[in-house]
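To start, the structure under review is shown below, and the notes come after it.
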Amino acid sequence: MAQKQYWLIKSEASCYSISDLKKDKETAWTGIRNYQARNFMDSMNVGDLCLFYHSNGTDVHPSGVYGIAKVSKKAHADATQFDSKDEHYDKKASKEKPIWRCVDVAFVKEFLKPISLGDIKREQRLETIEVRKPGSRLSVQPVSEAHFKIIEGLSN
DNA sequence: GCCAACGTTGGC
DNA sequence: GCCAACGTTGGC
């Protein structure tokens, strides 16, 4: 068993939120159409923990980490790339030659107190975290164990 | 809604 | 293989 890794996965709350995952218990993390993000998903292992980040927030619902999910299945072909009616359809992909993959993630917990991007920027120990970098658009990104634990700690 | 940052595409 | 144009993301 490989050592546990930590990640941050982004979703717009209006698209798929932590409460959706709480309700579903488990979901396929489909729709990732970025090679770097895909490659990170390829290196995920079952049991890895993910910070669940809501992007494109509002004043009422700020961008930030809203909870934790756990990888429950290693990367497999993302079914939405074959579906011409899906918004993530990719005509260059075929069942014989899939381009995009996704992992399955399971609900772990929803933070009682979400950690907003503002909170993250105020925390000196998180100075080097990817999500703080200007123009950080990567929707799946690695997070160090230390940073993961700090954010988890802040929510208590 | 604006705009900066970034990835992708396509002409050359 | 370069690079300008374009589309998308995401904070504000």
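Labels below follow one simple rule: chain letters A, B, ... track the order of the sequence lines, proteins then strands, and each chain is numbered from 1.
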Quiz item: What's in the same ILVMFWY side-chain cluster as A/Tyr53, cut-off under 4.5 Å, chained through other members?
Solution: A/Tyr6, A/Leu8, A/Leu49, A/Leu51, A/Val65, A/Ile68, A/Val108, A/Phe111, A/Ile115, A/Leu117, A/Ile120, A/Leu126, A/Ile129, A/Val131, A/Val143, A/Phe148, A/Ile150, A/Ile151, A/Leu154
Quiz item: So what does A/Leu117 touch, heavy atoms closer than 4.0 Å: a base, only the sugar-phosphate, or nothing?
Solution: sugar-phosphate
Self-check item: Contact list for DNA chain B against residues 118-131 of chain A - heavy-atom distance below 4.0 Å
Solution: none
Self-check item: side chain to side chain contact (heavy atoms under 4.5 Å, CB included) partners of A/Ser19, counting only residues at least two apart
Solution: A/Ser17
Self-check item: Pairing residues for A/Thr58 by the side chain to side chain contact (heavy atoms under 4.5 Å, CB included) criterion, not counting sequence neighbours
Solution: A/Val60, A/His61
Quiz prompt | Contacts of type side-chain hydrogen bond (donor to acceptor under 3.5 Å, both in side chains), residue A/Lys133, not counting sequence neighbours | solution = A/Glu130
Quiz item: Can you give the first and last nucleotides of DNA chain B, 5' to 3', that have an atom under 4.0 Å from a heavy atom of chain A?
Solution: B/dA5 to B/dT9
Quiz item: Under the side chain to side chain contact (heavy atoms under 4.5 Å, CB included) test, which residues partner A/Ser116, sequence neighbours left out?
Solution: A/Pro62, A/Asp119
Practice problem: List in chain and number order the residues that pass side-chain hydrogen bond (donor to acceptor under 3.5 Å, both in side chains) with A/Asp90, two or more places apart in sequence or in another chain; answer none if no residue qualifies. | Solution: A/Trp100
Quiz item: Base, sugar-phosphate, or nothing: which does A/Glu12 touch, judged by heavy atoms less than 4.0 Å apart?
Solution: nothing
Self-check item: End-to-end axis angle, where each axis spans five pairs of the helix from B/dG1-C/dC12 to B/dC12-C/dG1, to 10°
Solution: 10°
Self-check item: Residues which pass side-chain hydrogen bond (donor to acceptor under 3.5 Å, both in side chains) with A/Lys73, listed by chain and number, not counting sequence neighbours
Solution: none
Quiz item: Mind checking what makes side chain to side chain contact (heavy atoms under 4.5 Å, CB included) contact with A/Asn56, not counting sequence neighbours?
Solution: A/Glu12
Quiz prompt | Residue pair A/Asp78 / A/Arg33, side-chain heavy-atom distance below 4.5 Å | solution = yes
Quiz prompt | Members besides A/Ile32 in its Ile/Leu/Val/Met/Phe/Trp/Tyr cluster (side-chain heavy atoms under 4.5 Å) | solution = A/Trp7, A/Ile9, A/Tyr16, A/Ile18, A/Leu21, A/Trp29, A/Phe40, A/Met41, A/Met44, A/Phe52, A/Tyr66, A/Val71, A/Val103, A/Val105, A/Phe107, A/Leu138, A/Val140
